[in-house]
Amino acid sequence: MAIYYDQENRIFTLHTKHTTYQMKVDKYGFLLHLYYGGKIQGNADYLLTFRDRGFSGNPHDAGPDRTYSLDALPQEYPCMGTGDYRNTALVIRNEDGSECCDLRYVSHEIRAGKYGLKGLPAVYAGEQEAQTLEILLQDSVSGAQVQLLYGVLEGEDIITRSTVIRNGGEAGFTVEKAASACLDFLYGEYDLISFYGRHAMERNLQRTGIAHATQAVGSRRGASSHQYNPAVILADREIAEDHGSCYGMIFVYSGNFLCEAEKDQYDQTRVIMGLHSDLFHYPLEPGETLVVPETILGYTEKGFGALSRCFHRCIREHICRGKYKDRTRPVLLNSWEASYFDFNGEGICRLAEASARLGIDMVVMDDGWFGKRDDDNSGLGDWYVNEEKLGCTLGEMIERIHGFGVKFGIWIEPEMVSEDSRLYREHPDWVLRIPGRRPVRSRNQLILDFTRKDVRDCIFEQICSVLDQGRIEYIKWDMNRSMSDVYSSETVQGKVSYDYMLGVYDFLEKLTARYPDTLIEGCSGGGGRFDAGMLFYTPQIWCSDNTDAADRLRIQYGTSFFYPVSAVGSHVSAVPNHQTGRSTPLHTRGIVAMAGTFGYELDPAKLTEEEKEEVKEQIRQYKKHESLIRQGEYYRLSDPFQSPFAAWMIVSEDGRNALFNAAALEIHGNMPVHYVKLKGLNPETLYENTESGERYYGSSLMKGGIPVPMEMGEYGAVQIEFRAIG
Ligand code: GLA
């Protein structure tokens, strides 16, 4: 049992292996938050204090008691209009224009298993692995009913939160803001860690103190975005990689989001995660509901590393689905950086033939195979094979590729349309655009109105008729611009950005159901939609359009705080690198790409014989370690933003097998030796360096560390396998 209800005190307690979460229905029916953190026993309502505070109002029910104020008390789901002047989780605009929703406890239910969310991605778990708590709150005036959902995965130290808002009244109202989780802390100094970036440089870590102000990260781009990832950590000031308390919050959603952190007038901290309130005014007629996407919460007293591993497990085991969830992923060669738009069927077959010789499992034909698409100005929306360009049918080309013993994958960008396309000429009204205005273009493309089923159905049929032309075992699903002109001719305004995401998820659900054996890799100009929502449908996502090994070390470092290695698309590309012009050794590029779902993004014909041999060896190495890399526990050993070295390792669950990796970001004359302490090993176990045969105890490797063997030259890297002896 993970969920307890103390009827006498009306206290809910959620226990996981190492954490406790507690809340209380108070005498007025408000749901107050009591505690979230390391495991405790008993009730924490003694933590609440009541004082008469100036300019912090009192609910009418409190009568003459001036010490009860929602402006000071910790709450589970604070609402606008109740005398709480901090950031709120819910803003409802009633039919009379007032913004108020006064939620009081009505009932609750505890049941086995984890709740699911209609139309939205969410953590899933077996009946025995999880429990659900559902608390119903209601505003008696508007009839707004809010179902707070809590999923407790006891063994995983994970608690999920979501909200279903229903109009149970007689008049319509509009949801102006809706979050799925709010965490209130009565005291403490916290840092907020967030992950900012830009196209080709995603998920840089930023750590700032939470001050007397609202600090917010979010996206209004229609996708979770390159700019801010929908995942944050709230950390004690002293916390480091291996010690200290921290909370993680990740939003299981791929569209607009808002995370606000604020220290209030009484030095209490509130963090809210939910849908962005901009471009969002969600009308609910009587009987209608809105499901707010889920936030996953985790807490540990053991530092950032332990928090990351907790989220890695949760995402790997309880978000990712499908055939490839637990399977070896193919080593693939993608045609993009090999030939961009300039290819034909012969060229793709040549890539496949060369792939076969190198030991690569699959060739992926990227952008440019459909409609009229010889550059990125035209053709999107016309999902029929350009047989003239290929010089054959797709089926024939796939047959030839299979003849080399190589699998085949293809690129699509279903949500987009070029104005220069047959689809757009036939259906100019199918795009998001505001009547009377000219839409903002980006990469010379517009966004299809995926809130509309007819639009989705047409694209779905087109794409299926391509996918049915041969055995296609992989799809790269791209999305190459931010949303603007958020207006649909068919959908009620204010609903568009949210309903668009529902449309994308619906499409993905249908696609995965129809092609259960196909591996889908998500992508949005690299990592512009790298989030737990997409991972529900696509177990891997192209991490960044930046394939430069040195930059990737930093991008993958930031990504590793929440996302497992199994989700990170990572390839070896040619040098000088196409994004930075930098040259790094092939060996280093291989090691960096091995911290992900491995592949290549280059033309093998341009490799020297010596490089080809090295590539073959890389693939052998990767395949040898593939299951360890995909399923092992990930440890960060350095911070590549601070240190001239990047180092990380992956350890098997039983601690008997480990892969240590390090790469130099700087080189200078007469360098000091760089020592690294390993992590995650069994102290008592004797390990062997499988290459040198040297043996060490886990305790020595972890406490004494190792001198990192580095060769001369820029951007060198090493990979060492350690195996337990006996
Ligand atoms: C995006 C992707 C690239 C490539 C191109 C094709 O930028 O991230 O990998 O597929 O689109 O246009």
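We count ligands from 1, going down the list as the structure has it; atoms in each ligand are counted the same way.
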(request) Looking only at distances, please establish whether an N/O atom of ligand 1 is found under 3.5 Å from an N/O atom of D367. (result) yes
(message) Could you identify the single nearest non-hydrogen protein atom to atom 10 (O) of ligand 1 and state the distance to 0.1 Å?
(response) D366 OD1, 2.7 Å
(request) Tell me which part of D478 gets within contact of ligand 1: side chain, backbone, both or neither, using heavy atoms under 4.0 Å. (result) side chain
(request) First locate atom CG of L432, then atom OG1 of T451, and finally report the distance between them rounded to the nearest 0.5 Å. (result) 7.0 Å
(message) With a 3.5 Å distance limit and no angle check, can you tell me whether Q540 reaches the backbone of L519 through a side-chain donor-acceptor pair?
(response) no
(request) Inspect the contact between D506 and K453 and indicate whether a charged nitrogen and a carboxylate oxygen are less than 4.0 angstrom apart. (result) no
(request) Identify which of N480, D545, D375 has a heavy atom lying nearest to atom 8 (O) of ligand 1. (result) D545
(request) Could you tell me whether E521 and R329 have a side-chain N and a carboxylate O separated by less than 4.0 Å? (result) no
(request) Could you tell me which non-hydrogen atom of A200 sits nearest to which non-hydrogen atom of I555, and how far apart they are? (result) O-CD1, 4.0 Å
(message) Any nitrogen or oxygen of W411, side chain or backbone, less than 3.5 Å from one on ligand 1?
(response) yes
(message) If the cut-off is 4.0 Å to any non-hydrogen atom of W542, which atoms of ligand 1 fall inside it?
(response) 8 (O), 9 (O)
(message) Can you tell whether the side chains of D382 and K372 come within less than 4.0 Å, N to carboxylate O?
(response) no
(request) Consider ligand 1: state whether an atom of it lies below 4.0 angstrom from any non-hydrogen atom of K476. (result) yes
(request) Kindly confirm or rule out an N or O of G526 lying under 3.5 angstrom from an N or O of ligand 1. (result) yes
(message) Check for me whether K389 meets the cation-pi criterion with F370, that is, NZ or CZ under 6.0 Å from the six-membered ring centre and within 45 degrees of the ring axis.
(response) no
(request) Report yes or no: does a heavy atom of R443 sit under 4.0 Å from some atom of ligand 1? (result) yes
(message) Under a 4.0 angstrom heavy-atom cut-off, which atoms of ligand 1 come close to C523?
(response) 2 (C), 8 (O)
